[in-house]
Each structure stands twice: as structure tokens, then as C-alpha cells.
Amino acid sequence: MDIVRIAALGIVGALLGILLKGQKKEYELFVTLGVSLCIFYFIISKLELVLAVINRMQEYVELDTGYIAILVKMIGITYVSEFSANLCRDAGYQAVAGQIEMFGKLSILVISMPVLLVLLETLEGFF
């Protein structure tokens, strides 16, 4: 069960961070970064399974590969921006975290524009 390992890793990292917080604040940040990167590695391994399922679904349903690529990019932007914003927030840089989240949201909006245009063209075809 991966969730048990991830939960244990997170709890141990948090407790170690609390212990180091009183001695050296910068060590706490390094522990947090290390634990976060380990958990992010597990997230990436799970995303590979999701991509395999999406590719298998694409065999059953005729979909344009461009739309699948857009979806995967949107998922990637979401995870990376959330991960980096949380790290910045944990380090005490809330303004930087907010800017990362804003840029992530705008990036998703820009990437999704072709899908929105196709949707509008499809709706125009109905009227």
C-alpha cells in the first residue's frame, strides 16, 4: 500500500522538521524539500499509470491525440504549480506561491484555448 508509505514519509518528515525548527530553520526547509521531492516522485510514478490507461482508452474511442496531449499538459501544469507553490508557502513566501498558482492557472487557460475554440465551432454548427 503506497499510501501508507507516503503517509509515514510525510509524518516522519513533518516531525523531523519540527525538531529541526528549533535548532536551525534552514534545515527544516531542506527536510521539507527532500520529503516533498520523494512524494512527488511517487506521484509521477502514479501518473505513468494514468497515462497508460488514457492511451488504452484512446484505442477504444477514436479521439484526436492533440486533445489527449492537452489534457496531459494541463494535469502536469496543475501538479507542478501546486507542488512548487506549497513549497514556497512552507518556506514563508506566500506572495511567490500566489504568483506561481496564478501563472499555472493562466497557463492552463492558454493551453485549453484550442479545445474551447473547437467547442464553440461545434456549437455554431448546431445553430
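Here the CG atom belonging to Leu71 is positioned 9.0 Å from the CG atom belonging to Leu51, to the nearest 0.5 angstrom. Separation of atoms CZ (Phe103) and CD1 (Ile77) is listed at 8.0 Å; rounding is to 0.5 Å. Note that SG of Cys38 and CD1 of Ile6 are 8.5 Å apart. Values are rounded to the nearest 0.5 Å. From Ser112, atom OG reaches atom OH of Tyr67 across 12.5 Å, with rounding to the nearest 0.5 Å. Distance check: Phe83 CZ to Thr78 OG1 gives 15.0 Å after rounding to the nearest 0.5 Å. Note that the CG atom of Leu9 and the CD1 atom of Ile39 stand 5.0 Å from one another [nearest 0.5 Å].
Heavy-atom contacts from other residues, nucleotides or ligands closer than 6.0 Å to OH of Tyr79 number 12 or fewer.
The two residues Gly17 and Val31 make their nearest non-hydrogen contact at N-CG1, 4.3 Å. Contact detail for Ala85 and Ala97: the closest heavy-atom pair is O-CB, 3.3 Å. For Ser84 against Ile100, the heavy-atom pair with the smallest separation is OG-CG2, 3.2 Å.
Leu87 and Val12 fall into different hydrophobic clusters, where Ile, Leu, Val, Met, Phe, Trp and Tyr are joined by side-chain heavy atoms under 4.5 Å apart, directly or via other members. Under the 4.5 Å side-chain heavy-atom criterion for grouping Ile, Leu, Val, Met, Phe, Trp and Tyr, Leu15 is not connected to Leu37 through any hydrophobic cluster. Ile108 and Leu119 fall into different hydrophobic clusters, where Ile, Leu, Val, Met, Phe, Trp and Tyr are joined by side-chain heavy atoms under 4.5 Å apart, directly or via other members. The same ILVMFWY cluster, assembled from side-chain heavy atoms under 4.5 Å apart, contains both Phe42 and Ile44. Two different hydrophobic clusters hold Val115 and Met57 under the rule that ILVMFWY side chains link at heavy-atom gaps under 4.5 Å.
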Assess whether side chain to side chain contact (heavy atoms under 4.5 Å, CB included) is satisfied between Val80 and Phe40, documenting all intermediate values.
-> CA-CA 9 Å; Val80 170; Phe40 193 70; 4.1 Å; yes

I would like to know whether Lys46 and Ile43 meet side chain to side chain contact (heavy atoms under 4.5 Å, CB included); could you show each step before the answer?
-> CA-CA 5 Å; Lys46 294 296 181 185; Ile43 290 172; 5.8 Å; no

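Judged as a salt bridge (Lys or Arg N to Asp or Glu O under 4.0 Å), the pairs with a partner in residues 96-120 (not counting sequence neighbours) are, in order, Arg89-Glu101.
Under the side chain to side chain contact (heavy atoms under 4.5 Å, CB included) test applied with Thr32, the options Asp90, Leu20, Leu16 reduce to a single match, Asp90.
A donor-acceptor pair under 3.5 Å links the side-chain atoms of Asn86 to the main chain of Glu82, judged by distance alone.
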Got a list of side-chain donor-acceptor pairs under 3.5 Å for residues 120-127, not counting sequence neighbours?
from	atom 1	to	atom 2	distance (Å)
Thr122	OG1	Val118	O	2.8

